[in-house]
**Q** 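My structure is below; once you've seen it, I'll send some questions.
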Amino acid sequence: MSLSQSGVPLFAGVEDVDDLFIATMDEMDKEVVSHLTIEHPLWKYYEENDRIELRDSIGLYVPVKLLVKENSTVKDFTHYDDVDMTPQDGLEEAKFPYGHIIGTQMYSREELVKNSGPEQLVDLVETKATQLKESMNNFFNTRIMGSQLADGRQFTGLGRIMNPTLACGGIDPAAAGFGYWAPQSGVKTGGGQYSLATEMRLGLRSLFRKCAYQGQEPDLMVCGEDLFDKQLDYWEGKVQVTLVDSGSKTGGSGLSFKDNKGKTYIYDATLAAKEGWAINTKNTPIRIHKGTNFTMTAWEKVKGKEAKARNCLVYASIYTKRRNMNGKIVFT
């Protein structure tokens, strides 16, 4: 007989159905849980390139130390000079709080009774598992690409990190001394925008140069529809291969492909048609709590209801170590 954590039968009077349900779930969980992944090109890229950090323990937020001013003790000297021992306090801290997402699978006593046959029970479980998977997918995708500010429930979205006008991690780039804490802007020297039709490559080269630091530059370009199509037209003509040959794959919201220099381009409907985000994913990772990495909790009886439920959990944070190694461009 299946018992709740308190030792009371989960569904008194239908113990046979209850036992069948638990046995069915134990078997199906081997496949169902492994399918609770995020079907999105950006997430897939992060997975394939080890940009998802799994941590056994987490705090309230991911801290990022910021250098506010230069160390004044760095200078030329001879062996007769005294070493400058001036204390240095030019550090600030950006904070990227974890967000917490939960989804629930619930089965009522009535559902179990009406679906007590083995095949009916499997169909019921598969339907609800698929519903949970797709809902977690859609919700997590929205949070990844969103511009929300972390508030203890939500985590910071990439849309906020990539917007040069918004505060991020508790640091406002408009504040004195923090002008560097913003993504690069893909604009001309005089402040004008580049034309997608005639200046796409010029605009992107300029943006990548601005983002480059210590030999690194953005490795992922997220594109709106018009920019993605223009990139496809350009690279198909240059490398003379099909999309499949160049490593494209279907993702949850469109296509992705890799150019002959190793840079990956993905389409996402969140962005405006002529907008692009150049992301240095090594310095802008996703951190997940290993114990809640889309993990299913144990089944429990729902208080006050003839039902049993369990939750799917994920605690996550998207953060950036150097915000100005990323960039945003909007073409005309």
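Along the sequence shown, residues carry numbers from 1.
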**Q** Evaluate the ring planes of W235 and Y265, with Trp represented by its six-membered ring, and classify them as parallel (under 30°), tilted (30 to 60°) or perpendicular (over 60°).
**A**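 Tilted.
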**Q** So does K321 have more than 12 non-hydrogen atoms from other groups sitting under 6.0 Å from NZ?
**A**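 For K321, atom NZ is crowded (more than 12 foreign heavy atoms under 6.0 Å).
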**Q** Can you find a heavy atom in the side chain of F331 that is under 4.5 Å from one in the side chain of Q193?
**A**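 F331 vs Q193: side chains apart.
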**Q** Taking C-beta and beyond as the side chain, do V222 and M162 meet within less than 4.5 Å on heavy atoms?
**A**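 SC-SC contact between V222 and M162 ruled out.
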**Q** Is any side-chain heavy atom of C168 closer than 4.5 Å to a side-chain heavy atom of W181?
**A** yes
**Q** Taking the side chain as C-beta and beyond, is there a heavy-atom pair between I288 and V314 under 4.5 Å?
**A**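 SC-SC contact between I288 and V314 confirmed.
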**Q** Run L158 and L42 through side chain to side chain contact (heavy atoms under 4.5 Å, CB included) and show every step you take.
**A** CA-CA 11 Å; L158 274 175; L42 185 139; 3.6 Å; yes
**Q** Mind listing the closest non-hydrogen atom pair of D56 and H289 along with its distance?
**A**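 Looking at all heavy atoms of both residues, the shortest contact is O-NE2, 3.3 Å.
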**Q** Would K263 and F208 count as a cation-pi pair here, with the cationic atom under 6.0 angstrom from the ring centre and within 45° of the axis?
**A**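 Ring-cation test returns yes.
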**Q** Can you tell me which residue among E217, R323, Q216 is in a side chain to side chain donor-acceptor pair (under 3.5 Å) with N280?
**A**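 By the side chain to side chain donor-acceptor pair (under 3.5 Å) criterion, N280 pairs with just one of E217, R323, Q216: Q216.
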**Q** For G99, does its backbone N or O pair with a side-chain atom of Q154 as donor and acceptor, under 3.5 Å?
**A** no
**Q** Roughly how far, to the nearest 0.5 Å, is OG of S317 from NZ of K95?
**A** 13.5 Å
**Q** Taking atom NZ of K274 and atom CG of D229, what is their separation to the nearest 0.5 Å?
**A** 12.0 Å
**Q** Carefully, step by step, assess F155 and I286 under the rule side chain to side chain contact (heavy atoms under 4.5 Å, CB included).
**A** CA-CA 10 Å; F155 55 77; I286 298 174; over 6 Å; no
**Q** Where is the tightest heavy-atom contact between A167 and P173, given as atom of each residue plus distance?
**A**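 Minimum heavy-atom contact is CA-CD, 4.0 Å.
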**Q** Which value, rounded to the nearest 0.5 Å, describes the distance between L271 atom CG and M145 atom CE?
**A** 5.5 Å
**Q** In this structure, would I318 and L166 fall into the same cluster of hydrophobic residues linked by side-chain contacts under 4.5 Å?
**A**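 Looking at the clustering, L166 is in a separate group from I318.
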**Q** Under 6.0 Å between the ring centres of F228 and F257?
**A**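 Yes, close enough.
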**Q** Less than 4.5 Å apart, any side-chain heavy atom of S147 and any of N163?
**A**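 Not in contact.
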**Q** With a 4.5 Å limit on heavy-atom distance, are the side chains of Y194 and K188 in contact?
**A** yes
**Q** Could you see if I52 belongs to whatever hydrophobic cluster contains Y45? Use Ile, Leu, Val, Met, Phe, Trp, Tyr and a side-chain cutoff under 4.5 Å.
**A** yes
**Q** Looking only at atom types and distance, does a side-chain atom of D259 sit under 3.5 Å from a main-chain N or O of K261, one as donor and one as acceptor?
**A** yes
**Q** How many angstroms lie between CD in E275 and SG in C223, if you round to the nearest 0.5 Å?
**A**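 The distance works out to 10.0 Å.
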**Q** Verify the distance criterion only: is there a donor paired with an acceptor across the side chains of Q148 and R143 at less than 3.5 Å?
**A** no
**Q** Is I266 close to W277 at the side-chain level, that is, under 4.5 Å between some pair of heavy atoms?
**A** no
**Q** Decide side chain to side chain contact (heavy atoms under 4.5 Å, CB included) for L149 and R160; before the verdict, give the C-alpha distance in whole Å, the side-chain angles of both, and the deciding distance to 0.1 Å.
**A** CA-CA 7 Å; L149 177 67; R160 175 165 288 269; 3.6 Å; yes
**Q** Does Y98 share a hydrophobic cluster with I102, counting links as ILVMFWY side-chain heavy atoms below 4.5 Å and allowing steps through other members?
**A**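 No, no single cluster joins them.
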**Q** Verify the cluster assignment for Y234 and M221: are they in a single hydrophobic cluster under the rule of side-chain heavy atoms below 4.5 Å apart?
**A** yes
**Q** With distance as the sole criterion, is a donor-acceptor pair present between the side chains of N326 and T284 under 3.5 Å?
**A**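 Short answer, yes.
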**Q** When you measure from the side chain of N311 to the backbone N and O of L313, does any donor-acceptor pair fall under 3.5 Å?
**A** no
**Q** Hey, what do you get for CG (N137) to OG1 (T142), rounding to the nearest 0.5 Å?
**A** 10.0 Å
**Q** Indicate yes or no: at least one non-hydrogen side-chain atom of P285 is less than 4.5 angstrom from one of Y319.
**A**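 In short, these two side chains touch, coming nearer than 4.5 Å.
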**Q** Membership question, hydrophobic clusters at under 4.5 Å side-chain separation (ILVMFWY): are L132 and W43 in the same one?
**A**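 Hydrophobic grouping puts W43 with L132.
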**Q** Measuring from L54:CG to I58:CD1, what's the distance to the nearest 0.5 Å?
**A**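 Here the rounded value is 11.5 Å.
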**Q** Compare every heavy atom of G327 with every heavy atom of C211, then report the nearest pair and how far apart it is.
**A**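 In terms of heavy atoms, the two residues are closest at SG-N, 3.6 Å.
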**Q** So with a 6.0 Å cut-off around CZ of R201, is the heavy-atom count from everything else above 12?
**A** yes
**Q** Go through it in stages, so that I can follow the logic: the residues are Y46 and I279, the test is side chain to side chain contact (heavy atoms under 4.5 Å, CB included), and I'd like the CA-CA distance, side-chain angles, deciding distance and then a yes or no.
**A** CA-CA 11 Å; Y46 268 63; I279 304 175; 4.0 Å; yes
